[in-house]
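What follows is a single structure, written as structure tokens, with notes after it.
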Amino acid sequence: MQIAVIGAGYVGLVTGACFARLGHRVSCVDSNPGRVSVIRSGRAPFYEPGLDVIIRDGIESGALLATTETMQAVSESDITFIAVGTPSSGGACDLRQLGGAAEQVGAAVRGADRYHTVVVKSTVVPGTTDTLVRSILERTSAKSAGELGLCMNPEFLREGCAVRDFMHPDRIVIGQLDDGSGAALAQLYAAFDCPKLTTTLRSAELIKYASNAVLATLISFSNQIAEICEAVPGTDIDTVLRGVHLDRRWSCDGERQPEILSYLRAGCGFGGSCLPKDVQALRAFAREHGTIPELLEAVDSINCRRPARLVRLAEQALGPLAGRVITLLGLAFKPDSDDLRHSPALAIADLLLREAAVVRAYDPVVTTLDGNRGITTYDCAADALVGADAAIIVTAWPEFRELDWSSVSTSMRCPVIVDGRNLLSEASLPPQVRYYRIGRAYHERDSK
Ligand code: NAD
Ligand code: UGA
């Protein structure tokens, strides 16, 4: 099939490169010429394991094209995915990029005599596809929906394992305006061996929000229990949640733990480009529709409190933080990603800077920071820790577990580790280290 994808970000580029890998001809369109030229050179414009190689193969074989020309890409295609950003604006879902892309797609199919299917892949609040997108497409294409196929196909991939998630999805949701609309999409996904759910456009849109909201809820639930442990001496979050995980209703076959349990863990909060904005957008949408989203509000506020917990632990270990040198281990919102959007690391850094601490950071893939954030970045963890008063582990990169803590801790001014992911809770640390982890109560100058 000939496919156009509008927006070559995480979702659009992974979608395009994977469909090209599966034998389709794909044009990835992005309005950012810099991004397009990186893709044309056979590389991904962001860090995503496994993506470079399928882009390079696609570009070399000619199955994958990158362009800024929407008109040509869409008019030569049978199906167009819209995968532009839907960021948060004042807590609501900002649909301006989507509206702009729909205008261009409609104009490109105007006058075309073959049936074309437009698929919204961006995360959008329920009703967006069958009102905003539909009306823009009908106006700009001079065709009625029906003459033009219209679908909503939410994407569930995770950054860091996006290619695997796309190629081996757990489910495919096809929201369709009518059967004709869904047919091309069903054909495109025919080779994927997973449950497929065909539904209305609005249910497909809400499935996406509900899916992200339940993940965020599990994380905030775990962090709420961690807060209780932090207030009650003699309790420990890791043990408490291990006890919860052992309920056989959380397990698939008794041997392998289901992946969902990785969200039933305490930490320094969820971040990234989607969970925070999608919870907020769903809250705003629920209110607009006269419902009271108190659970989502709690999920959000528990999450916003987590960075402060780590700063309090550093204070507990060191006293006032003014002038103290604190090294953040990890900047990305999660391992295997270089995405800093809503990363808890940045919130922690801001709180530390407000206390007049000196903030350093090391991340295996985020090596520089745009703008003057007041954070000095380093190329290796050991260098970032020389002379530091404390290390705060923010991102659960496995290399922090492998660090030679015996040698590193002797180079620190104070060998204090504050572990925001409880990454080292099972590690044997040298005796001089004062180790503070989340989800347990500490008295003054008390550590592991
Ligand atoms: P992104 O910001 O990384 O990429 C969006 C791209 O669209 C940008 O490169 C931008 O230049 C381009 N763009 C905007 N308007 C355009 C236009 N008119 N024509 C051509 N290009 C245009 O966004 P993303 O992270 O890929 O997310 C896209 C959508 O998918 C969002 O709705 C997001 O919520 C959803 N989503 C994201 C993820 C994820 O892991 N990032 C996962 C599932 C769903
Ligand atoms: C998430 C969803 O998992 C995807 O299904 C969805 O497609 C995507 O959002 C999206 O809509 O963009 P992603 O943000 O890439 O994917 O990453 P996750 O692995 O889900 O992690 C999200 C955040 O939760 C990270 O900040 C992570 O550190 C945090 N997290 C995760 C915790 O704090 N605790 C956990 O136990 C698990």
Side-chain angles (χ1 to χ4, degrees), residues 4-16 28-36 38-39 45-46 48 66-70 73-74 80-88 93-105 120-125 128 153-162 165-166 169-171 205 208-209 211-216 218-223 226 241 259-279 281 303 306 330 332-337 339-345 394-396 420-422 438:
V5 182
I6 314 299
Y10 278 94
V11 167
L13 187 52
V14 170
T15 301
C28 278
V29 184
D30 204 286
S31 48
N32 176 341
R35 183 158 276 214
V36 167
V38 174
I39 301 166
F46 44 81
E48 183 59 44
T67 176
T68 52
E69 301 301 321
T70 309
V74 173
T80 296
F81 287 88
I82 302 182
V84 296
T86 49
S88 181
C93 180
D94 181 343
L95 298 169
R96 281 175 296 180
Q97 288 182 40
L98 183 79
E103 296 259 349
Q104 294 162 338
V105 172
V120 173
K121 210 173 212 340
S122 301
T123 301
V124 294
V125 287
T128 303
N153 170 222
E155 179 51 59
F156 301 104
L157 61 78
R158 291 160 297 173
E159 293 180 18
C161 47
D165 282 352
F166 188 90
D170 32 36
R171 77 286 212 195
E205 291 162 331
K208 175 62 195 172
Y209 279 99
S211 301
N212 275 359
V214 76
L215 298 177
L218 287 176
I219 296 169
S220 279
F221 169 81
S222 308
N223 286 330
L241 289 179
E259 280 186 67
I260 193 76
L261 283 189
S262 71
Y263 294 85
L264 205 49
R265 291 235 157 82
C268 45
F270 58 80
S273 65
C274 291
L275 259 50
K277 83 161 169 71
D278 290 349
V279 169
N303 196 52
R306 290 313 285 166
F333 82 103
K334 67 173 207 174
D336 281 328
S337 171
D339 201 338
L340 288 170
R341 290 178 283 184
H342 296 278
S343 174
V394 188
T395 316
R421 299 286 175 187
N422 287 2
I438 49 164

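Note that ligands are numbered from 1 as they come in the structure, with each ligand's atoms numbered from 1 the same way.
For the pair Val124/Leu98, a side-chain contact is recorded, criterion being any heavy-atom separation below 4.5 Å from C-beta on. Annotation: side chain of Asp165 is not in contact with side chain of Phe156 (no heavy-atom distance under 4.5 Å).
If you look at ligand 2, the protein residues with a non-hydrogen atom under 4.0 Å away are Glu155, Phe156, Leu157, Arg158, Glu159, Lys208, Asn212, Leu215, Ile219, Ser262, Tyr263, Arg265, Gly269, Phe270, Gly271, Cys274, Leu275, Phe333, Lys334, Arg421. Ordered by chain and residue number, the residues placing a heavy atom less than 4.0 Å from ligand 1 are Ile6, Gly7, Gly9, Tyr10, Val11, Val29, Asp30, Ser31, Arg35, Ala83, Val84, Gly85, Thr86, Gln97, Ala101, Gln104, Ser122, Thr123, Glu155, Leu157, Glu159, Lys208, Ser273, Cys274, Lys277, Arg341.
Looking only at distances, a side-chain donor or acceptor of Thr395 sits under 3.5 Å from a matching main-chain atom of Ala332. At least one donor-acceptor pair closer than 3.5 Å links the side chain of Arg35 to the backbone N or O of Ala8. The main-chain N or O of Ile438 is found under 3.5 Å from a side-chain atom of Asn422 such that the two form a donor-acceptor pair.
To the nearest 0.5 Å, atoms CG (Leu340) and OG (Ser273) are separated by 11.5 Å. Separating the SG atom in Cys274 from the NZ atom in Lys208 is a distance of 6.0 Å, to the nearest 0.5 Å.
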side-chain contact (heavy atoms from CB on, under 4.5 Å) evaluation trace for Arg341 with Lys277: CA-CA 10 Å; Arg341 290 178 283 184; Lys277 83 161 169 71; over 6 Å; no
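A 6.0 Å sphere centred on CZ of Phe221 holds no more than 12 heavy atoms belonging to other residues, nucleotides or ligands.
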